[in-house]
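Remarks on the structure that follows.
Each ligand, and each atom within it, is numbered from 1 in the order the structure gives.
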Amino acid sequence: MGYVFAAPAQAVVPIDGTVDLFPVHRIYCVGRNYVDHAKEMGFSEREAPFFFSKPADAVLPVPFGTTGELPYPSETTNLHHEIELVVAIGTRGSNIAAADAMKHVYGYAVGLDMTRRDLQFAMRDKGRPWDVSKGFDYSAPISPIKAVASTGEMLDAQIWLKVNGERRQDSSIAKLIWSVAETIEHLSRFFELRAGDLIYTGTPEGVGAVKRGDELEGGIERLGALKVRVV
Ligand code: MN
């Protein structure tokens with residue numbers, strides 16, 4: 001017996017400083033995890049974290065020192081950037097206590113949660129799923145992963161994004177409403193986290209539209225920078 005056609009290629013993200021690859025199992029994302037971004041989306045109350053996901057093969061890995069090409073997606077006229085800290089899970093677990101969360105973290109990366117904002121608002125207003133606004137192909141550009149052994153726990157680091165050299169987002173990981181450890185605690189109640197999972201932890205304020213030809217450069221202190229061009 002065999003597959004009736006070739007099995008899909010495993011989605012991977014490079015590990016910085018090695019020739020090794022991180023095989024992606026799932027991509028989870030946290031919604032509204034910085035106060036000032038929640039406000040710019042029209043929300044003001046603290047609430048438990050909520051989650052959505054993208055397909056594993058939505059990753060667009062971009063090696064350091066290179067510029068990735070991000071195809072402008074169909075069916076939108078309002079493609080938004082969201083710069084985010086990404087947590088790479090290395091050890092499986094469910095019902096993980098925040099105090100134990102770091103044992104499950106392999107490392108971190110810089111990611112972009114690209115969003116069809118017009119479709120997201122349309123789906124949100126009708127109470128429909130966000131998949132078409134969040135889970136399209138190439139919607140998850142990501143830098144190489146740095147192992148936690150080289151970065152330490154990411155509790156306080158600057159996070160920023162420029163579009164064509166102009167600073168659009170500028171904040172700190174310290175401003176996450178739900179820290180990485182707390183996010184893992186909540187998420188692992190709903191899903192057994194597995195080695196290979198990526199968690200996009202949410203974006204700070206300053207999200208906005210990009211168009212074809214724009215160059216996005218975003219970074220996080222100690223993790224490096226991610227560059228993509230919209231094509
Ligand atoms: Mn996001």
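Counted by atom type alone, H37 and R32 present zero donor-acceptor pairs between their side chains at under 3.5 Å.
Residue pairs meeting the side chain to side chain donor-acceptor pair (under 3.5 Å) criterion with at least one member in residues 50-61, sequence neighbours excluded, are K54-D113, K54-S139. Residues in residues 210-220 take part in these side chain to side chain donor-acceptor pair (under 3.5 Å) pairs, two or more places apart or across chains: N164-D214, K211-D214, E215-R229. For residues 12-23, no residue pair satisfies the side chain to side chain donor-acceptor pair (under 3.5 Å) rule, not counting sequence neighbours.
The Mn ion (ligand 1) has E82 OE1, E84 OE2, D113 OD2 as protein N, O or S atoms under 2.8 Å away.
Counting heavy-atom neighbours within 6.0 Å of Y72 OH, excluding the residue itself, gives a total above 12.
Between L21 and P14, the closest heavy-atom pair is CD2-CA, 3.9 Å.
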